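So that the names make sense, note that chain A is the first sequence line, chain B the second, and so on, each numbered from 1. Given the structure is predicted, the values throughout are model-derived calculations rather than measurements.
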Amino acid sequence: MLTIQALREEKDRVLQALSKRHIDASADIERVLEWDAQRRNTQSMLDDLLAQSNTLSREIGGLIRDGKKEEAEAIKSQTADLKEQSASLKTQMHELEASIQALLCTIPNAPHLDVIAGKTPEDNVETFRAGEMPKLHAGAVPHWELAERYKLIDFELGSKVTGAGFPFYRGKGAKLQRALIQLFLDRADAAGYEEYIPPLLINAESGFGTGQLPDKEGQMYHAVADDLFLIPTGEVPLTNIYRDTLLKEAELPIKLCGYTPCFRREAGSYGKDVRGLNRLHQFDKVEIVQINHPEQSYATLEAMVDHVKGLLEALELPYRILRLCGGDMGFTSAMTFDFEVFSAAQERWLEVSSVSNFETYQANRLKCRFKGNDGKTQLVHTLNGSALALPRIVASLLENHQDESGIRIPTALQAYCGFDRID
RNA sequence: GGAGAGGUGGCCGAGUGGCUUAAGGCGCACGCUUGGAAAGCGUGUUUACUCGAGAGGGUAACCCGGGUUCGAAUCCCGGUCUCUCCA
């Protein structure tokens, strides 16, 4: 959530930035500022009243100690009015605070200056492209056919046991999953990310911290009896490790990674996009997270992008990087780079990673701050990226590395798999 | 699932209604002392909101939320977490 301080001090910049998302937040922001002024006014009135009643209470205490009961009783009678007034101001304060927060939560993050103002994915800017486009043999087929032919993934069995979008991986297909996870974790480890195995269910506070709640609960599976949510991404538990914390500047940057399954209801998705591994309700992902000094966060974003590049190059996959336009960016992000690999048999680009800088948007919700070397406390910047999400990587590995008699495993992955071909 | 004990500052720990934002200790920072260090001595050492140009002031916070009271770390109720024992 945007900070009130930013709205107060640089409202025009924020409005301009938000216009890149094609939303006009000016009315909401005016309202927040107005409520905030009321809140401050209410608070100073309340503080005055409380100060008065504290003084009276101390007097009463003194009088009682001195045995002057009657004088004490006289002062007591003065406090009733103060009490009533302060109770009503307290209620007003709580209401104002709740209103401000509720409205602030509906305003998305302000995009960075370099983000362009497009509306749809077509407006995203391609910033980088690498890898060779594969030339497939005449009988090349999409991954879902390869998965069936070589008994790697069983979609129908998943539908029987759970439902559509919950495949079984089997045999070399299962081993390939483990190999990819291990490769990704080893790379993250080598890059200095500390590995965590987080819980897969999170509470509502954590959902709020990273921005899934309120309003996006429809995208998460909800364990109602215990009011817990299945994580849609490892970002949620990993980033929430640092909820309600005050760090020292010397502790930055914090670099975390973790492998988790991810669960997404994907309400509203349908059509050909969902074929095979293209869109699943449960999938595996290695996530990298960084918490850093505001002055460092864009250098960090670049480093995270480079890290993901390295993974795709190791897998010998052709890919491109897009800087998302304002209209296509996630609610909480200030700048996002998407990675897409070319899936040759489908002849489509598939999103396999999204790397974002949230600046202080999550940190403000998380209450994650650091005390600088100058003694001042400020919000950190949070960033995260998929490194990587498995299903579409598997889809493109299968499709791009297929030949007449099977599928070649890229060199970097062979030691992890324990085999160099699927056939 | 049942029974009991407990949750106080960076840490340990005192505190059962007012003189307690919180004794004492440890740690940490700065200063004095010293040839240098240790010890010793002194000073300082939470956060949020808010008022103020600043110095500084006000309010709130002793797991969380309610309540009793003129006044709550302290009493009451609910929740939560930790520990011990039982199943």
Side-chain angles (χ1 to χ4, degrees), chain A residues 1-9 32-105 198-199 201-209 213 223-229 237 240-252 254 291 294 360-380:
Chain A
M1 128 187 119
L2 296 170
T3 64
I4 290 193
Q5 195 189 10
L7 299 184
R8 263 190 229 154
E9 291 170 6
V32 166
L33 290 176
E34 193 183 310
W35 283 340
D36 180 54
Q38 282 176 36
R39 194 205 97 235
R40 282 187 286 166
N41 189 32
T42 308
Q43 169 153 22
S44 74
M45 289 193 291
L46 176 61
D47 286 356
D48 282 350
L49 285 178
L50 292 174
Q52 283 177 47
S53 67
N54 284 346
T55 310
L56 291 177
S57 291
R58 270 189 291 264
E59 276 178 41
I60 292 170
L63 291 168
I64 288 176
R65 227 172 299 121
D66 299 340
K68 298 176 181 166
K69 278 208 171 143
E70 280 179 21
E71 288 178 47
E73 286 304 321
I75 297 182
K76 269 194 202 180
S77 63
Q78 296 176 28
T79 60
D81 194 35
L82 284 178
K83 230 183 152 180
E84 209 173 290
Q85 286 182 51
S86 60
S88 116
L89 286 177
K90 235 181 246 179
T91 311
Q92 281 181 44
M93 277 280 285
H94 287 143
E95 283 170 359
L96 283 166
E97 279 167 358
S99 306
I100 290 168
Q101 167 139 326
L103 187 51
L104 271 182
C105 282
L201 288 116
I202 49 115
N203 58 29
E205 288 76 19
S206 295
F208 177 82
L213 295 174
V224 179
D226 298 292
D227 197 23
L228 297 172
F229 298 87
N240 271 283
I241 292 170
Y242 286 92
R243 173 155 50 83
D244 291 320
T245 49
L246 180 57
L247 299 159
K248 297 190 190 83
E249 183 168 345
E251 293 177 80
L252 302 175
I254 286 163
I291 295 176
T360 61
Y361 195 88
Q362 289 183 330
N364 191 30
R365 300 169 76 117
L366 292 160
K367 293 199 177 63
C368 180
R369 297 146 301 156
F370 74 98
K371 186 172 276 228
N373 296 331
D374 58 2
K376 289 206 176 122
T377 300
Q378 57 179 317
L379 293 167
V380 298

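Every residue two or more places apart in sequence or in another chain that forms a side-chain contact (heavy atoms from CB on, under 4.5 Å) with A:S206 is listed here: A:I202, A:N203, A:V236, A:N240, A:R243. Residues passing the salt bridge (Lys or Arg N to Asp or Glu O under 4.0 Å) test with A:K371: none are found, sequence neighbours excluded.
Atoms CG and CD1, on A:D36 and A:I4 in that order, are 4.0 Å from each other to the nearest 0.5 Å.
Rounded to an integer number of Å, the gap from A:L46 CG to B:rA60 P is 8 Å. The interatomic distance linking A:Q52 (CD) with B:rA60 (C1') rounds to 17 Å, in whole Å. Rounding to whole angstrom units, CG of residue A:L89 and P of B:rA60 are separated by 13 Å. The distance from atom NZ of A:K90 to atom C1' of B:rA61 is 12 Å, rounded to the nearest whole Å. Rounded to whole angstrom, the span from the NE2 atom of A:H94 across to the C1' atom of B:rG65 amounts to 11 Å. One interatomic measurement links the two molecules: CG of A:L49 to C1' of B:rC70, which rounds to 15 Å at whole-angstrom precision. The distance between atom CG of A:N41 and atom P of B:rG58, rounded to the nearest whole Å, is 20 Å. Rounded to an integer number of Å, the gap from CD of A:E205 to P of B:rC63 is 18 Å.
Remark: B:rU84 base-pairs with B:rA3. Criterion, Watson-Crick or G-U wobble with two distances under 3.5 Å. Of the nucleotides present, B:rA29 is the one that pairs with B:rU43 by Watson-Crick or G-U wobble criteria, both distances under 3.5 Å. Both distances falling under 3.5 Å, in either a Watson-Crick or a G-U wobble arrangement, occur for no nucleotide opposite B:rU20. Within the shown strands, B:rU59 is the pairing partner of B:rA48 under the Watson-Crick or G-U definition, both distances less than 3.5 Å. Pairing for B:rG9 is absent, judged as Watson-Crick or G-U wobble with the two contacts each under 3.5 Å. Remark: B:rA14 base-pairs with no nucleotide; criterion is Watson-Crick or G-U wobble with both hydrogen-bond distances under 3.5 Å.
Here the separation of B:rG58 from B:rG67, taken at their C1' atoms, is 26 Å to the nearest Å. Taking atom C1' on both nucleotides, B:rU21 is separated from B:rA73 by 10 Å, rounded to a whole Å. Atom C1' of B:rU46 sits at a distance of 6 Å from the matching atom of B:rG9, rounded to the whole Å. Nucleotides B:rA5 and B:rA23 place their P atoms 29 Å apart, quoted to the nearest Å. With C1' as the reference atom, B:rG79 and B:rC26 are 34 Å apart, rounded to whole Å. Nucleotides B:rA48 and B:rU34 have their C1' atoms positioned 43 Å apart, rounded to a whole Å. With C1' as the reference atom, B:rC83 and B:rC63 are 15 Å apart, rounded to whole Å. Taking atom C1' in both B:rG10 and B:rC64, one finds a spacing of 22 Å when rounded to whole Å.
RNA chain B is contacted by A:N54, A:S57, A:I60, A:G61 of residues 53-63 of chain A, taking any non-hydrogen atom closer than 4.0 Å.
Where A:I64 and A:A51 meet RNA chain B, the nucleotide closest to each residue was compared, and A:I64 sits on the side nearer the 5' end.
Of the candidates A:T377, A:L247, A:I291, A:F370 forms a side-chain contact (heavy atoms from CB on, under 4.5 Å) with just one, namely A:L247.
A heavy-atom distance below 4.5 Å is not found between the side chains of A:Y242 and A:E251. The shortest side-chain heavy-atom distance between A:K83 and A:T79 does not fall under the 4.5 Å cut-off. With a 4.5 Å cut-off on side-chain heavy atoms, A:L89 and A:Q92 count as touching.
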Which letter, B, S or -, goes with each nucleotide of nucleotides 44-52 of chain B from 5' to 3', with contact meaning a protein heavy atom under 4.0 Å? ---SSBSS-

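Closest of all the heavy-atom pairs between A:G372 and A:E249 is CA-OE1, 3.1 Å. Closest approach of A:A223 and A:L201 over heavy atoms only: CB-CD2, 4.2 Å.
Heavy atoms of other residues, nucleotides or ligands lying less than 6.0 angstrom from CD of A:Q5 number 12 at most. Shown here is A:E84, whose CD atom has no more than 12 heavy atoms of other residues, nucleotides or ligands within 6.0 Å.
For A:K83 and B:rG71, the shortest distance from a side-chain N or O to OP1 or OP2 is below 4.0 Å.
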When the side chains of residues 40-52 of chain A are checked against the rest of the protein, which donor-acceptor pairs come out under 3.5 Å, sequence neighbours left out?
residue	atom	partner	partner atom	Å
A:T42	OG1	A:Q38	O	2.7
A:S44	OG	A:N41	O	3.2

Under-3.5 Å N/O pairs linking protein and nucleotides 76-82 of chain B:
none

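The backbone N or O of A:A6 lies less than 3.5 Å from a partner atom in the side chain of A:T3, making a donor-acceptor pair.
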